[in-house]
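Computation of the quantities below employed the complete heavy-atom set of this structure, encompassing side-chain atoms and omitting hydrogens, waters and symmetry-equivalent molecules. The structure displayed is predicted, hence computed values, not measured ones.
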Amino acid sequence: MRVFPKDQRQSLRLRRSLLAGLAAVALTLIFWIAGKSGMVRLAPPYLMLILTIFWIGNLIILGLIRSGLNLRFKDPSLTLFQILWAIFWVMLLTYYLNEARPAALMLALLIINFGAFRLNLSQLAGLSSVAISAYVVVIYFLHRNHPDLLVLQIELFVLAGFAAALFGTTLVGHEMFALRKRIVERNQRLEEALEQVNRLAVLDELTGAYNRRYLLEVMAKQKALADRGNYSFSICFFDLDHFKKINDDLGHAAGDEVLKRVSAITQRIIRDSDYLSRYGGEEFVLVLVATIADMAEIVAERIRATFEGERFREIDPNLRVTISVGVTEFRRNESLDATLARADEAMYEAKRKGRNTIVCA
């Protein structure tokens with residue numbers, strides 16, 4: 001599923017990681033203020049050590065995303081890991097807080113909210129369970145080691161409120177995840193539709209070759225290059241011989257199949273940098289970039305010889321298709337109409353010479 005280009009998706013991951021960094025700044029400030037106010041049972045050096053380890057982990061995550069190493073993981077955003085990392089340190093510091101423990105629980109809620117757009121229902125429920133279990137562990141150790149610092153009934157009431165808030169966060173997160181999924185799917189359908197529209201805008205619907213409008217755009221670009229300096233391009237104007245007879249004898253459906261085969265065979269012969277266009281009816285124009293007339297004539301002969309030896313047995317066992325080709329090289333500063341007219345006249349000269357031949361103007 002592709003909604004954004006790869007570089008843009010990586011930029012979004014980096015942006016989310018920076019937002020998580022802002023939450024980490026808020027967490028650090030809260031605990032630092034609590035430490036200065038005497039609400040943390042940790043000496044300043046130990047509090048600083050815990051916060052330093054917490055920040056080292058955050059910087060490592062940021063470095064992984066900036067370097068692109070995160071792309072090796074199943075979840076390139078590292079969302080689940082970032083949230084679990086933050087919850088662990090929040091709960092550790094919560095243990096050392098005194099009466100300000102509920103403030104730390106609000107931080108845990110904020111951290112889990114960061115995963116709302118990225119995590120599904122089971123992942124959010126798992127994170128909530130981890131957070132609740134971690135706070136149960138905090139209550140247990142406080143009750144065992146510092147029973148004077150808590151009233152168990154109140155702490156259990158706070159735990160129940162924390163669990164209820166996490167349950168609501170999980171449900172809201174699930175809705176946000178589902179909304180994001182629907183938006184992604186809709187964007188994908190729009191992208192596919194736009195790609196189809198763009199494709200139809202430049203391609204001939206029947207043959208898959210470029211259409212006449214796009215041919216003129218290509219030639220205009222080639223002319224701009226040629227008019228500026230030592231550069232040239234050539235065109236081959238070719239027409240299927242006796243195509244009307246194919247339509248009359250075998251029907252228009254057979255004629256359409258012939259045109260498709262002509263386009264497919266020609267595109268296999270030419271380079272990826274060249275352009276094949278259906279000019280109209282059974283007429284095709286081939287633009288050979290950075291090619292002089294002599295080389296264009298060689299390409300035209302290869303195409304002509306290929307069709308002379310090709311059999312169209314799936315359309316009719318006796319069907320043979322030949323082409324008449326007019327080749328010309330663009331002349332600096334001339335109009336595109338003049339170039340096309342010269343190639344067209346060369347193609348008609350090939351017709352007059354008996355067809356299945358090439359004339360180079």
Side-chain angles (χ1 to χ4, degrees), residues 197-220 222-223 233-270 274-289 296-297 299-316 318-330 335-361:
V197 168
N198 291 335
R199 181 177 169 278
L200 292 175
V202 300
L203 295 182
D204 174 64
E205 189 174 357
L206 175 65
T207 63
Y210 292 112
N211 57 30
R212 183 169 179 168
R213 183 182 65 81
Y214 189 68
L215 165 73
L216 297 177
E217 291 181 13
V218 168
M219 290 185 64
Q222 293 295 306
K223 170 180 166 59
F233 69 97
S234 296
I235 65 172
C236 302
F237 203 127
F238 67 89
D239 180 90
L240 277 63
D241 298 328
H242 303 297
F243 185 71
K244 184 177 183 302
K245 189 174 187 308
I246 295 174
N247 278 334
D248 292 343
D249 293 348
L250 303 177
H252 288 278
D256 288 347
E257 288 301 315
V258 169
L259 291 173
K260 291 179 189 176
R261 283 283 304 278
V262 166
S263 174
I265 292 169
T266 305
Q267 290 185 73
R268 286 202 302 267
I269 295 172
I270 62 176
D274 298 326
Y275 298 87
L276 175 68
S277 165
R278 185 184 179 195
Y279 197 68
E282 69 272 24
E283 295 178 333
F284 291 83
V285 173
L286 178 61
V287 178
L288 300 171
V289 304
E297 192 172 3
V299 175
E301 173 57 26
R302 188 184 309 143
I303 295 171
R304 186 206 64 78
T306 298
F307 283 118
E308 186 179 36
E310 187 74 16
R311 297 295 179 264
F312 295 76
R313 293 186 179 89
E314 71 279 9
I315 300 174
D316 185 272
N318 300 316
L319 178 61
R320 296 183 62 187
V321 175
T322 59
I323 60 173
S324 299
V325 189
V327 178
T328 193
E329 182 179 341
F330 174 78
S335 70
L336 294 177
D337 287 340
T339 308
L340 284 168
R342 190 167 58 253
D344 188 33
E345 177 58 32
M347 183 268 290
Y348 277 105
E349 180 65 22
K351 295 275 190 186
R352 289 190 289 270
K353 287 187 174 182
R355 296 181 172 82
N356 191 24
T357 190
I358 298 169
V359 171
C360 186

Taking side-chain contact (heavy atoms from CB on, under 4.5 Å) as the definition, give me every residue that meets it alongside [X], ordered by chain and number, with sequence neighbours left out.
X	result
R352	E345, Y348, E349
D204	L206, T207, R278
E297	I358, C360
D249	K245

Please identify each residue that fulfils side-chain hydrogen bond (donor to acceptor under 3.5 Å, both in side chains) with [X], with sequence neighbours left out.
X	result
S234	none
T357	none
T322	D241

Open item on the list: Could you work out, with salt bridge (Lys or Arg N to Asp or Glu O under 4.0 Å) as the rule, every residue matching E283, not counting sequence neighbours?
Closed with: none
- [ ] Applying salt bridge (Lys or Arg N to Asp or Glu O under 4.0 Å), name anything that partners R304, two or more places apart in sequence or on another chain.
- [x]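 E301, E308.
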Show me the side-chain donor-acceptor pairs of residues 251-258 shorter than 3.5 Å, one per line, residues at least two apart or across chains.
residue : atom : partner : partner atom : Å
E257    : OE2  : K260    : NZ           : 3.3

Open item on the list: Checking E310 against T306: is there a side-chain donor and acceptor pair closer than 3.5 Å?
Closed with: no
TODO: Search all heavy atoms of G208 against all heavy atoms of L203 and return the closest pair with its distance.
DONE: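 Minimum heavy-atom contact is O-CD2, 3.6 Å.
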Task: Y214: ring pair (Phe, Tyr, Trp, His ring centres under 6.0 Å) partners, not counting sequence neighbours - done: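 With sequence neighbours excluded, Y214 shows a ring pair (Phe, Tyr, Trp, His ring centres under 6.0 Å) to Y210, given in chain and number order.
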TODO: Sequence neighbours left out, what passes ring pair (Phe, Tyr, Trp, His ring centres under 6.0 Å) with F307? Give chain and number order.
DONE: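 F307 satisfies ring pair (Phe, Tyr, Trp, His ring centres under 6.0 Å) with no residue once adjacent residues are dropped.
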